[in-house]
Visitor: 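Input: one structure, supplied below.
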Protein chains: 2
Amino acid sequence: MAEKVTIIDVARAAGVSRQTVSNALNSPEVVREETRRHVLEVIERLGYRASQAARQMRTGRSRLIAIRIDPGDPGGDGISGTVLDTFLHGLTETAARGGYRVMLYTAADDRTEIATFEELLGSFEPDAFVLTATHHDDIRASWLLRRRLPFVAFGRPWSELPDARHPWVDVDGAAGTEAATRHLLAAGHRRIGFIGWPPGSGVGDDRRAGWARAIAEQELPADALSRAVEDGIENGGHAARDLLAADPGVTALVCASDSLALGALNAAGSLNAAGSLAVTGFDDTPVARAVGLTSVRQPLAEAAAACVTLLARALDDSESPAEEHVLLQPSLMVRRSG
Amino acid sequence: MAEKVTIIDVARAAGVSRQTVSNALNSPEVVREETRRHVLEVIERLGYRASQAARQMRTGRSRLIAIRIDPGDPGGDGISGTVLDTFLHGLTETAARGGYRVMLYTAADDRTEIATFEELLGSFEPDAFVLTATHHDDIRASWLLRRRLPFVAFGRPWSELPDARHPWVDVDGAAGTEAATRHLLAAGHRRIGFIGWPPGSGVGDDRRAGWARAIAEQELPADALSRAVEDGIENGGHAARDLLAADPGVTALVCASDSLALGALNAAGSLNAAGSLAVTGFDDTPVARAVGLTSVRQPLAEAAAACVTLLARALDDSESPAEEHVLLQPSLMVRRSG
DNA sequence: TTGTATGCGTTATCAG
DNA sequence: CTGATAACGCATACAA
């Protein structure tokens, strides 16, 4: 039953008009320093906080940032599990510093997500959206762009279309797999394979490119050393077995995900003496830490912070400026597996 | 640039007063059926949606449910990673059906979480809170209770104090470890150990109790077969080694978490021939699925739905009724490890 | 610098 | 069943 203390209560207690209170808060430079301090003190004493609802009616800003949450069960190419969790935490924390709050929504696919945009925009009116799991020709991005709604994507727009000109934050996946590959090269490996996803997924192609880059630089063979399968432990195992059967000289595998890497690791155990095959994964999930898998770690908290920064800029500045991008560098967590 | 269509636009287009529109929406029984249908049709055609901010000003209800999100890095006894992720997804989905939205906040400890309650209550005014990671003498619960603020805890109040009388939803952890133990008994194991957390954690004690129950029923020895360590893979390994050294006759281990179980599994590999030790975990995390670990699965989506149901009841009914509880049964996911 | 008036979109109250 | 009026709390343009 916390009786809500309004701006009028503060004005009364401070012996000023409610305008002065509002000014002390929103336009500090327009109030005498002494008055301002007094008002702020009363605000503190009374525990006054501006009502968001009232403020929103007046300003049209909800201070809400909406983001989709995927089911924990990794169904598609969305981020979920620890990755989303960590990202969300960072987003919530950074947003709070700017007075913003994170609101969640779910959606089965892009179409229903857009429907949710409309629903949200009509009711809660979030100030901005954070898009995850971006992909080629993302209709969500173009929809938001067309309506000039503020948003930032965690993930590059994997397209060169003008539709794709919007702020985004991403982690340089190619740099990650390249670092992993270089690490293996430094350890003396010469025939290093790659297990990734079928072409066309943007993220997957990027990760493959990093490996290919490092291999090409060493003028090592690459063509026959790459496999493309859907994500999953089983598939990783199959691909690893297939690759090793085709070329027994392979001593190391760079994988596009921890799942694939784990499968490869298991397969290696049943093929060779334990430890004879070096394997690296991607995302540094708890699984990787658990089994001692060397993995590429994404700076998720930093990515989240960057998203908020970009949004704040687009939201606070008068006319939203051009597109801005942030590409973060991942780091390699070296463990027993490689 | 979506022109916001207000209730007045609808009223004009439908040829009625704005009150009739409001009534058609909020008190359907007070409007003639024909009028109601016409209004609803216009609403649909115009894509009208009631402004939450305006509604909140009038009704005092924000239709916001706040919940804390922990860092992805499992630091304490909070839920995080896939568990929180799945729970959040379920919560968001179920809440949306009732017109509610989930809002996130972070907090380092109980004290700062309460400070966040105050801040949120003064600004965004969430209608309710969902508490996670409840523990003995939870000051958050008593704080909310004292102010008669609607909330539900995901996790029992591990205390009999009157302070602890509030709605909660939980999963029967003891039933889970008991089922795991019975499963091992049915497989012929007779000396079954338990690796859990230090006493006093509620959740941990509960899980240990399930194992003890099944063991006692078979009149099997228990005292020397239990170990208590902080959560973690390393600790699980140490505990398993210690336990097996003390009693080489042990053929199976029930663990309070997947992390402990994983450690035990690794330790077993280096002690015995692979597969000779049966191990079960708890939470059915991706790690468990990855390594084929038998684990107890919590019905998280159902738990989330139950939370929303309890909240909706407390929110929609006039005087909030007494405490209500929901205790869900977990299920055992049997895999190679046991 | 401070006070006064107005509107944001809804819903509740109360006459018609 | 319908239509006018008030009020929720805040911020802004304006006048004092």
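All chains are named by letter (A, B, ...) in the order of the sequence lines, taking the proteins before the strands, and each is independently numbered beginning at 1.
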Visitor: Measure the shortest side-chain to side-chain distance between B/Asp138 and B/Pro157 over non-hydrogen atoms and say whether it is less than 4.5 angstrom.
Guide: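 Side chain of B/Asp138 against side chain of B/Pro157, heavy atoms only: no contact under 4.5 Å found.
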
Visitor: For the helix from C/dT1-D/dA16 to C/dG16-D/dC1, how many degrees between its two end axes (five pairs per end), to the nearest 10°?
Guide: 40°

Visitor: Scan for salt bridge (Lys or Arg N to Asp or Glu O under 4.0 Å) pairs involving residues 45-58 of chain A, sequence neighbours excluded, and state none if there are none.
Guide: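 The answer is none; no pair qualifies.
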
Visitor: Does anything in residues 6-26 of chain A pair up under salt bridge (Lys or Arg N to Asp or Glu O under 4.0 Å), and if so which pairs, sequence neighbours excluded?
Guide: A/Asp9-A/Arg12

Visitor: For A/Glu33, give me all partners under side-chain contact (heavy atoms from CB on, under 4.5 Å), at least two apart in sequence or on another chain.
Guide: A/Arg36, A/Arg37

Visitor: Would you mind reading off the distance between A/Ile8 atom CD1 and D/dA11 atom P, rounded to a whole angstrom?
Guide: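 A/Ile8 atom CD1 is separated from D/dA11 atom P by 12 Å.
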
Visitor: Applying side-chain contact (heavy atoms from CB on, under 4.5 Å), name anything that partners A/Ala54, two or more places apart in sequence or on another chain.
Guide: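 Partners of A/Ala54 by the side-chain contact (heavy atoms from CB on, under 4.5 Å) criterion, ordered by chain and then number, come out as A/Ser51, B/Met57.
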
Visitor: In whole angstrom, give the distance that lies between atom CD of A/Glu33 and atom C1' of C/dT1.
Guide: 14 Å

Visitor: To the nearest Å, give me how far apart CG (B/Asn26) and C1' (D/dC1) are.
Guide: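 That distance rounds to 16 Å.
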
Visitor: For nucleotides 2-9 of chain C, read 5' to 3', which letter fits each nucleotide if B means a protein heavy atom sits under 4.0 Å from the base, S means only the sugar-phosphate is that close, and - means neither?
Guide: SBBB-BBB

Visitor: Mind checking side-chain contact (heavy atoms from CB on, under 4.5 Å) for B/Glu29 and listing every partner two or more places apart, or none if nothing turns up?
Guide: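 By the side-chain contact (heavy atoms from CB on, under 4.5 Å) rule, B/Glu29 matches B/Ser27.
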
Visitor: Could you give the side-chain donor-acceptor pairs of residues 88-110 of chain A under 3.5 Å, partners two or more places apart or in another chain?
Guide:
unit_1: A/His89; atom_1: ND1; unit_2: B/Ile69; atom_2: O; d: 3.1
unit_1: A/Thr92; atom_1: OG1; unit_2: A/Leu88; atom_2: O; d: 2.7
unit_1: A/Thr94; atom_1: OG1; unit_2: A/Gly90; atom_2: O; d: 2.7
unit_1: A/Tyr100; atom_1: OH; unit_2: A/Arg61; atom_2: NH2; d: 3.0
unit_1: A/Tyr105; atom_1: OH; unit_2: A/Glu113; atom_2: OE2; d: 2.6
unit_1: A/Asp109; atom_1: OD1; unit_2: A/Arg111; atom_2: N; d: 3.0
unit_1: A/Asp109; atom_1: OD1; unit_2: A/Thr112; atom_2: N; d: 2.9
unit_1: A/Asp109; atom_1: OD1; unit_2: A/Thr112; atom_2: OG1; d: 3.3
unit_1: A/Asp110; atom_1: OD2; unit_2: A/His135; atom_2: NE2; d: 2.8

Visitor: Round to the nearest Å and state the distance from B/Leu25 atom CG to C/dT10 atom C1'.
Guide: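 Taking CG of B/Leu25 and C1' of C/dT10, I get 11 Å after rounding.
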
Visitor: side-chain contact (heavy atoms from CB on, under 4.5 Å) with A/Ala153: which residues, sequence neighbours excluded?
Guide: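 Result, side-chain contact (heavy atoms from CB on, under 4.5 Å) vs A/Ala153: A/Leu131, A/Thr134, A/His166, A/Trp168.
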
Visitor: OP1 or OP2 of C/dT11 sitting under 4.0 Å from any side-chain N/O of B/Ser22?
Guide: yes

Visitor: Rounded to whole angstroms, how far apart are CZ on B/Arg12 and P on D/dG3?
Guide: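 These atoms are roughly 14 Å apart.
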
Visitor: Take atom CZ of A/Arg61 and atom C1' of D/dT12, then tell me their distance rounded to the nearest Å.
Guide: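 From A/Arg61 CZ to D/dT12 C1': 16 Å.
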
